[in-house]
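Here the structure is laid out as structure tokens; the discussion comes afterwards.
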Amino acid sequence: MKDIHESFPLIADGPHHQTGVPDQSNRATSPDDVNNFALRTLRTRAEIEAIQRALGHTGWNRSQAARLLKISYRSLLLKIQRHKITHQT
């Protein structure tokens, strides 16, 4: 039987310790960094990106974008307003 260290060698590159896990001792712990992983924040970012992509794909035709997103036209308008999404030319 092989030694466990032969079967699962540690990753040699990068800031790793003996555990093979990336070093997290110098990671930031500010409230902003913690919020970057909050589900609500991630969901909002995904929603904004989806809306921007749909609007870009349709040449900012909001009716078509709403259909692509499978939401009502009114919902799209409210989301554009809420997220302050603007048409960049």
Side-chain angles (χ1 to χ4, degrees):
M1 183 175 219
K2 285 185 179 181
D3 181 72
I4 191 155
H5 297 298
E6 291 176 26
S7 299
F8 301 101
L10 296 176
I11 300 171
D13 60 330
H16 302 277
H17 293 289
Q18 291 297 328
T19 62
V21 177
D23 180 12
Q24 296 181 356
S25 61
N26 64 350
R27 67 186 169 103
T29 57
S30 72
D32 289 336
D33 292 333
V34 173
N35 287 334
N36 286 333
F37 295 100
L39 185 57
R40 180 172 289 156
T41 301
L42 296 172
R43 198 176 293 144
T44 299
R45 287 181 185 169
E47 182 174 80
I48 291 168
E49 184 176 339
I51 292 169
Q52 288 173 331
R53 284 183 177 205
L55 289 168
H57 181 74
T58 63
W60 264 77
N61 182 318
R62 294 170 297 183
S63 293
Q64 288 179 5
R67 276 190 292 258
L68 281 175
L69 295 166
K70 298 188 185 322
I71 61 174
S72 71
Y73 178 75
R74 179 169 164 71
S75 291
L76 177 61
L77 294 181
L78 291 172
K79 290 174 187 296
I80 289 171
Q81 185 178 33
R82 180 184 317 129
H83 298 305
K84 297 178 176 72
I85 299 171
T86 59
H87 184 190
Q88 310 262 328
T89 56

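Residue numbers run from 1 in the order of the sequence given.
- Between the T41 side chain and the F37 main chain, no donor and acceptor come within less than 3.5 Å of each other.
- Of the inter-residue distances, the one linking Q88 atom CD with L55 atom CG reads 11.5 Å to the nearest 0.5 angstrom.
- For the pairing with R74, the side chain to side chain contact (heavy atoms under 4.5 Å, CB included) check across I71, L78, L77 returns one residue only, L78.
- Cluster partners of L68: none. The rule joins Ile, Leu, Val, Met, Phe, Trp and Tyr whenever side-chain heavy atoms lie under 4.5 Å apart, and it links nothing here.
- Grouped by direct or indirect side-chain proximity (heavy atoms under 4.5 Å, Ile/Leu/Val/Met/Phe/Trp/Tyr only), L39 sits alone.
- With sequence neighbours left out, the side-chain hydrogen bond (donor to acceptor under 3.5 Å, both in side chains) criterion links R82 to no other residue.
- The heavy-atom pair separating L69 from A50 by the smallest distance is CD2-O, 3.8 Å.
- The same ILVMFWY cluster, assembled from side-chain heavy atoms under 4.5 Å apart, contains both I85 and L76.
- Among residues two or more places apart in sequence or in another chain, the side-chain hydrogen bond (donor to acceptor under 3.5 Å, both in side chains) test is passed with S75 by S72.
- Each side-chain hydrogen bond (donor to acceptor under 3.5 Å, both in side chains) pair with one or both residues in residues 55-64, not counting sequence neighbours, would appear here, but there are none.
- Remark: E47 pairs with K79, H83 by the side-chain hydrogen bond (donor to acceptor under 3.5 Å, both in side chains) rule, at least two apart or across chains.
- Remark: E49 engages R53 in a side-chain hydrogen bond (donor to acceptor under 3.5 Å, both in side chains) (not counting sequence neighbours).
- Using a 4.5 Å heavy-atom threshold, the side chains of N36 and R45 count as touching.
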